[in-house]
Amino acid sequence: QVELVESGGGSVQAGGSLRLSCAASGNLGRTFCAAWFRETPEKAREGVAVIQTADGVTAYSDSAKGRFTISQENAGRSFYLEMNSLKHEDTAMYYCAANIYGCPTEWWRPELYSYWGQGTQVTVSS
């Protein structure tokens with residue numbers, strides 16, 4: 001069993017930065033995959049970024065590329081989403097997610113992740 005606990009988030013003006021953190025506990029194994037998703041009342045949960053903790057390979061959604069950076073330390077026991085140049089449309093509830101069997105090819109599909117954080121709100125004012 002894996003437990004994920006998020007921290008960070010909050011309110012920021014457009015153009016600003018925020019850093020989200022996720023602490024993972026339990027048996028993560030050697031193929032731990034860590035990801036960030038976001039969701040709004042108008043838009044279904046969507047993948048933002050993913051990292052394969054064994055080798056550091058990452059992937060990003062088109063909206064996140066060039067602005068967001070996912071990173072991890074201690075074999076995934078802590079992972080982060082650094083968000084820069086934030087836009088109003090980045091406003092959402094952000095969730096960390098993980099699975100222990102490696103990152104799926106279609107990493108952006110939330111149904112492929114077994115473990116989820118509680119969510120943290122990010123609000124970007126324009």
For Val12, the other hydrophobic cluster members (4.5 Å side-chain criterion, sorted by chain and number) are Val2, Leu4, Leu18, Leu20, Leu28, Phe32, Trp36, Val48, Ile51, Tyr60, Phe68, Ile70, Phe79, Leu81, Met83, Leu86, Tyr94, Ile100, Tyr101, Tyr115, Val122, Val124

Which atoms form the tightest heavy-atom contact between [X] and [Y], and what is the distance?
X: Gln121; Y: Met93; value: N-SD, 3.5 Å
X: Thr53; Y: Gly76; value: CG2-CA, 3.7 Å
X: Ala14; Y: Ser126; value: CB-CA, 4.2 Å

Could I get the full list of side chain to side chain contact (heavy atoms under 4.5 Å, CB included) partners for Thr40, not counting sequence neighbours? Glu42, Lys43, Ala92

Tell me every residue that passes ring-ring contact (aromatic ring centres under 6.0 Å, His included) with Phe37, counting only those two or more places apart in sequence or in another chain. Tyr113, Trp116

Do Glu73 and Tyr80 have side chains that get closer than 4.5 Å, going by heavy atoms? yes

Ion pair present between Asp62 and Lys65, side-chain N to carboxylate O less than 4.0 angstrom? yes

Okay, side chain of Arg67, backbone of Ser63: is any donor-acceptor separation there less than 3.5 Å? yes

Just by modelled atom types, is the Gly8 backbone N or O under 3.5 Å from a matching donor or acceptor in the Thr120 side chain? yes

Pairs flagged by side-chain hydrogen bond (donor to acceptor under 3.5 Å, both in side chains) wherever residues 1-29 is involved - sequence neighbours left out: Ser17-Asn84

Please round to the nearest 0.5 Å and tell me the distance separating atom CZ of Arg38 and atom CD of Glu46. 4.5 Å

What distance separates Gln72 CD from Thr58 OG1, expressed to the nearest 0.5 Å? 11.0 Å

Show every salt bridge (charged side-chain N to carboxylate O under 4.0 Å, His left out) that has at least one partner inside residues 109-121, sequence neighbours left out. Glu106-Arg109, Arg109-Glu111

Kindly state each residue pair satisfying disulfide bond (SG atoms under 2.5 Å apart) with at least one member in residues 23-54, sequence neighbours excluded. Cys33-Cys103

